[in-house]
Amino acid sequence: MWRKGEIIPILKVDKNPADIASFRPITLTCVMCKLTECLIVRRLNYYLEKFHCVSDRQAGFRLYRNTTEQVARLTQERTQEATYLGIVLDLRLSWNKQASRVQAVGKTRNGLLKRLSGVKWGTTQDLLCTTYKSYIRPAIESGSELLVTASEAVQNKIETVQNNALRIITGGAFLTPIQAMQLQANIKPLPFRRKMGALKLIERLKRHGDFWRNYNPAERRLKSQPTFLHVTLLILTSLLLTDSPCSRLENLFDI
């Protein structure tokens, strides 16, 4: 029974339904099989992590790790333009193309938020905030920790997405101060969250493998572009947290 499953074909977006390759197969298996699998995977992960059986360079599908770590490493080594794990790395690492892509995604998702806030059938402000935090903000913050090295003009592209969402949530006019809407909706500024995310990321990187612990960062990767490690060091210094572990950062900054 455990070796049998019910396959449900799901048609991919904008694909020809007459072509079998246009479907994504989803297999429904036995509940007890799934439960047993979870128990085995947890035990295997514990063993593999305890005895360091997995390479430190492997970040995906590991507890307390994420693929942003891989992109952070690429920013220290790569110079060619590429798209990696949904993050656009341009030639000069200005993050301009990545910010433009995120801005377009956020603008599209804000359209749904606007429809939910219709005058005649609009929902509550709390539900609009929840929708923004769970549906829109994760999309515009994916890999955003690395954008601490970007210029203010580039970062402002992403800021406009949250500012527009705040106006939809609070019903504020165009001239309404951004800080007032942030306080009303209890939504923290993106630059603050970006900096705190960068600090947490660099702490995780230094705790996994010798590459980051022994890496001696240059002040600037290019003449006009500071490195990620250098910027995070400046943030730590400005906050007087050079000796604070990640656990203390989480307590100090609830993001």
Donor + acceptor pair across side chains of T160, Q103 (<3.5 Å):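 Short answer, yes.
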Trace of the side-chain contact (heavy atoms from CB on, under 4.5 Å) decision for T176 with R167: CA-CA 8 Å; T176 304; R167 292 189 179 92; 5.9 Å; no
Quick check on the hydrophobic clustering: are [X] and [Y] connected, directly or via other members, by side-chain heavy-atom contacts under 4.5 Å?
| X | Y | answer |
| --- | --- | --- |
| L166 | V105 | no |
| I187 | L116 | yes |
| F192 | L199 | yes |
| L28 | I10 | yes |
| L127 | I168 | no |

Any side-chain heavy atom of [X] sitting closer than 4.5 Å to one from [Y]?
| X | Y | result |
| --- | --- | --- |
| I202 | L233 | no |
| S100 | N96 | yes |
| V161 | N110 | yes |
| E37 | V41 | yes |
| Q162 | I158 | no |
| Q98 | L147 | yes |
| N156 | E159 | yes |

Would one find more than 12 heavy atoms of other residues, nucleotides or ligands at under 6.0 Å from atom [atom1] of [X]?
| X | atom1 | answer |
| --- | --- | --- |
| K15 | NZ | no |
| K157 | NZ | yes |
| E49 | CD | yes |
| L39 | CG | yes |
| K12 | NZ | yes |

V148 and its side chain to side chain contact (heavy atoms under 4.5 Å, CB included) partner, picked from V231, L201, L234: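 Considering V231, L201, L234, a side chain to side chain contact (heavy atoms under 4.5 Å, CB included) with V148 is found only for V231.
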From CA spacing to verdict: side-chain contact (heavy atoms from CB on, under 4.5 Å), I7, I26: CA-CA 6 Å; I7 300 178; I26 305 297; over 6 Å; no
Residues in ring pair (Phe, Tyr, Trp, His ring centres under 6.0 Å) contact with Y47, at least two apart in sequence or another chain: F51
Inter-residue atom distance K200.NZ - R193.CZ, 0.5 Å rounding: 9.0 Å
Between NZ on residue K195 and OG on residue S238, distance to nearest 0.5 Å: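 One gets 6.5 Å once the value is rounded to the nearest 0.5 Å.
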Flag, side chain of [X] to backbone of [Y], donor-acceptor distance under 3.5 Å:
| X | Y | result |
| --- | --- | --- |
| S22 | N16 | yes |
| S142 | A139 | no |
| Q155 | A150 | yes |

Worked verdict on W95 versus L89 for side-chain contact (heavy atoms from CB on, under 4.5 Å): CA-CA 7 Å; W95 302 108; L89 304 174; 3.4 Å; yes
SB check E145 R194 (cutoff 4.0 Å): no
side-chain contact (heavy atoms from CB on, under 4.5 Å) between Q182 and K188, worked out: CA-CA 6 Å; Q182 290 171 347; K188 292 182 174 64; over 6 Å; no
